[in-house]
2 protein chains.
Amino acid sequence: MNTAAPRSGDGTIGKALEVLDLVAQAERPVRFSELLTLSPHPKATLYRLVQTLTNLGMLRYDVDRQTYAPGLRLVSLAHAAWRQSSLAPIARPHIDRLSETLGETVHLAQLDGGQVLYVDKRNAADPIEMFSQAGKVGPGYCTGVGKAMIAFLGDDAREMALSQQAWFAHTANTHTDRDSLSAELEVIRAEGVAYDREEHEPGIICVAAPILSETGRAIGALSVTTSTARKSLADLTRLAPHLKSTAREIAQATANWQFPSQ
Amino acid sequence: MNTAAPRSGDGTIGKALEVLDLVAQAERPVRFSELLTLSPHPKATLYRLVQTLTNLGMLRYDVDRQTYAPGLRLVSLAHAAWRQSSLAPIARPHIDRLSETLGETVHLAQLDGGQVLYVDKRNAADPIEMFSQAGKVGPGYCTGVGKAMIAFLGDDAREMALSQQAWFAHTANTHTDRDSLSAELEVIRAEGVAYDREEHEPGIICVAAPILSETGRAIGALSVTTSTARKSLADLTRLAPHLKSTAREIAQATANWQFPSQ
DNA sequence: AATGCAGTTTCACTATGTGGAACTTCTATG
DNA sequence: CATAGAAGTTCCACATAGTGAAACTGCATT
């Protein structure tokens with residue numbers, strides 16, 4: 001088996017996925033010419049790729065507007081991925097309970113290519129939401145769940161993850177290089193909890209606890225997010241024990257069934 | 001732009017997606033050798049495809065168990081697809097209201113390659129947890145939502161859809177050929193509602209209304225599903241007007257924004 | 001030690017995908 | 001209403017990228 005994960009350059013299939021990503025990241029239907037400016041490929045090549053993807057149902061082409069959007073076939077594929085590769089199905093009852101106890105919205109995230117992928121969320125007020133939030137991605141280096149997970153990776157995986165960060169200063173508190181973050185990761189490892197101190201968005205704070213495998217590696221993370229208007233960091237500290245115990249419950253539940261560490 | 005949608009045979013990318021589908025359909029982590037028996041490709045070719053997909057994050061490889069599962073990258077791609085290409089974000093408030101009014105579980109579905117794709121569901125208080133969730137796919141020819149949508153397709157699209165059905169007799173009531181179904185489609189077009197009379201699962205019945213574009217083509221469908229133990233078909237008939245009016249509301253909401261007919 | 005099975009690598013071959021350029025719409029503009 | 005320009009589509013000589021038979025490497029099992 002191959003070791004690294006370059007995530008691009010893998011032949012034709014890689015190119016096709018780059019295009020798919022481009023369309024997905026656009027967040028709205030795009031015209032062919034827009035894609036052309038965004039992609040490194042010559043016109044004819046891009047054209048064929050887009051055609052193939054459309055034929056395969058991975059892109060949807062709107063004839064009237066002449067635009068491309070991600071196709072619904074992805075949704076059904078993702079369903080399988082979500083059920084098999086995410087902690088969500090197993091974690092769901094535990095998250096329900098936690099969300100109810102705390103009266104706060106709880107997020108469940110996993111690491112994918114150095115980025116945080118939210119795989120489920122439980123809104124205290126409004127139950128059962130699916131992909132509305134699940135599927136969303138965020139940065140690893142400046143979110144509570146991201147830091148919680150990176151702190152508890154194996155050395156190689158952590159190096160990998162650190163090298164994949166953008167280190168963009170979203171706020172004055174954002175870690176903007178690996179040394180700065182690495183120092184905090186030590187603390188997170190010691191405490192078993194990570195805080196987001198308005199590092200991603202001003203006014204937004206969060207506590208997060210990693211979900212650990214038997215070998216002590218992060219396989220996911222839980223978080224409670226709130227705004228400085230509603231709660232303080234001290235308040236969140238009080239929630240930490242609940243988070244940690246729920247994380248431990250989930251870890252146990254997964255150990256009984258299956259699940260690979262990164 | 002190409003017209004038809006053969007959904008396979010599209011070069012290397014098509015092959016890669018076939019493999020991805022295979023893994024997704026397995027519903028559990030699969031070994032390489034299992035894939036080998038399922039796929040028409042020779043060992044080496046399959047091996048490379050699987051490697052490429054793994055590198056790209058579309059598959060996840062579990063080193064310990066030597067198994068492949070759909071990768072989480074799909075979940076984030078699907079998020080974009082769900083937001084842009086599904087009716088769910090627009091329809092959500094209307095479905096909420098309907099589900100609350102009726103006190104029943106409401107499903108929202110769209111047609112994708114002749115199959116029904118459930119893009120959202122709203123579970124009322126009393127959850128009959130059964131066969132459906134966002135991302136789940138079902139047959140077109142023997143579900144309420146499927147028949148409601150197929151009835152209101154354009155001629156070409158309907159022919160296409162009919163040719164893509166499996167016509168498997170799930171129950172004694174299942175339509176097993178296009179003539180049988182076509183007759184019912186006439187009725188559905190006249191009434192504007194479709195019923196599933198235990199055609200997919202014994203004991204499960206449903207009413208469905210299509211969501212129509214300005215040109216009268218189906219862009220999705222709504223349904224209320226229940227069991228014969230709880231309700232009769234006559235009961236469902238009484239719900240039909242609510243379904244139809246909600247479907248019309250959603251159609252209006254989409255018209256104001258965007259949306260292509262099939 | 002011998003057999004068999006699952007997974008991986010090699011390598012000559014050629015099918016597949018490439019991309020520059022030419023062609024066709026369509027839309028904006030003088 | 002002619003004309004320029006941009007956006008989308010097709011063509012085709014070329015070589016990269018993918019193919020698959022066969023050989024190889026572990027690792028169980030007998």
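Basis for what follows: all heavy atoms, side chains included, without hydrogens, waters or symmetry-related copies. Letters go in sequence order (proteins before strands), and every chain restarts at 1.
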Notebook entry, point to check: B:Leu38: what forms a side chain to side chain contact (heavy atoms under 4.5 Å, CB included) with it, not counting sequence neighbours?
Noted result: B:Leu22
Next item on the list: Take the protein atom CD of A:Gln51 and the nucleotide atom P of D:dT9, then report the distance between them rounded to whole Å.
Entry: 7 Å
Notebook entry, point to check: Just how far, in rounded Å, is C1' of D:dT25 from CD of B:Gln66?
Noted result: 13 Å
Item checked: Below 4.0 Å: OP1/OP2 of C:dA6 and any side-chain N or O of B:Arg31 -> no
Margin query: Please enumerate all residues that pass ring pair (Phe, Tyr, Trp, His ring centres under 6.0 Å) together with B:Phe152, with sequence neighbours excluded.
Written below: none
Note to self: From CD of A:Glu34 over to P of D:dA6, roughly how many Å is that when rounded to an integer?
What the structure shows: 16 Å
Check: If we fit an axis to the first five pairs and another to the last five of the helix from C:dA1-D:dT30 to C:dG30-D:dC1, what angle do they make, to the nearest 10°?
Finding: 30°
Checklist line | Listed partners of B:Glu27 passing side chain to side chain contact (heavy atoms under 4.5 Å, CB included), at least two apart | finding: A:Arg83
Checklist line | Distance in Å, B:Arg48 CZ paired with B:Thr12 OG1, rounded so as to fall on 0.5 Å steps | finding: 9.0 Å
Checklist line | Contact pattern, 5' to 3', of nucleotides 11-24 of chain D - B, S or - by protein heavy atom under 4.0 Å | finding: B-----SSBBB---
Note to self: Is the ring pair A:His170/A:His200 parallel, tilted or perpendicular, if the boundaries are 30 and 60 degrees?
What the structure shows: perpendicular
Note to self: Without decimals, in angstroms, what is the distance between B:Leu35 CG and C:dA6 P?
What the structure shows: 13 Å
Item checked: Listed partners of A:Glu34 passing salt bridge (charged side-chain N to carboxylate O under 4.0 Å, His left out), at least two apart -> A:Arg28
Notebook entry, point to check: Listed by chain and number, what are the side chain to side chain contact (heavy atoms under 4.5 Å, CB included) partners of A:Pro89, not counting sequence neighbours?
Noted result: A:Trp82, A:Ser86
Margin query: B:His94: which residues meet the ring pair (Phe, Tyr, Trp, His ring centres under 6.0 Å) condition with it, sequence neighbours left out?
Written below: none
Item checked: Short side-chain N/O contact to D:dG8 OP1/OP2 from A:Tyr47, under 4.0 Å -> no
Nucleotide N/O of nucleotides 24-29 of chain C paired with protein N/O under 3.5 Å:
none

Margin query: Tell me every residue that passes side chain to side chain donor-acceptor pair (under 3.5 Å) with A:Glu249, counting only those two or more places apart in sequence or in another chain.
Written below: A:Arg97
Next item on the list: Rounded to the nearest angstrom, tell me the gap between atom CG in A:Leu46 and atom P in D:dT10.
Entry: 15 Å
Checklist line | All ring pair (Phe, Tyr, Trp, His ring centres under 6.0 Å) counterparts of A:His41, not counting sequence neighbours | finding: none
Next item on the list: Rounded to the nearest angstrom, tell me the gap between atom CG in A:Leu36 and atom C1' in D:dG8.
Entry: 10 Å
Check: Which pairs count as side-chain hydrogen bond (donor to acceptor under 3.5 Å, both in side chains) when at least one residue sits in residues 150-162 of chain B, sequence neighbours excluded?
Finding: B:Asp155-B:Arg158, B:Glu159-B:Arg178
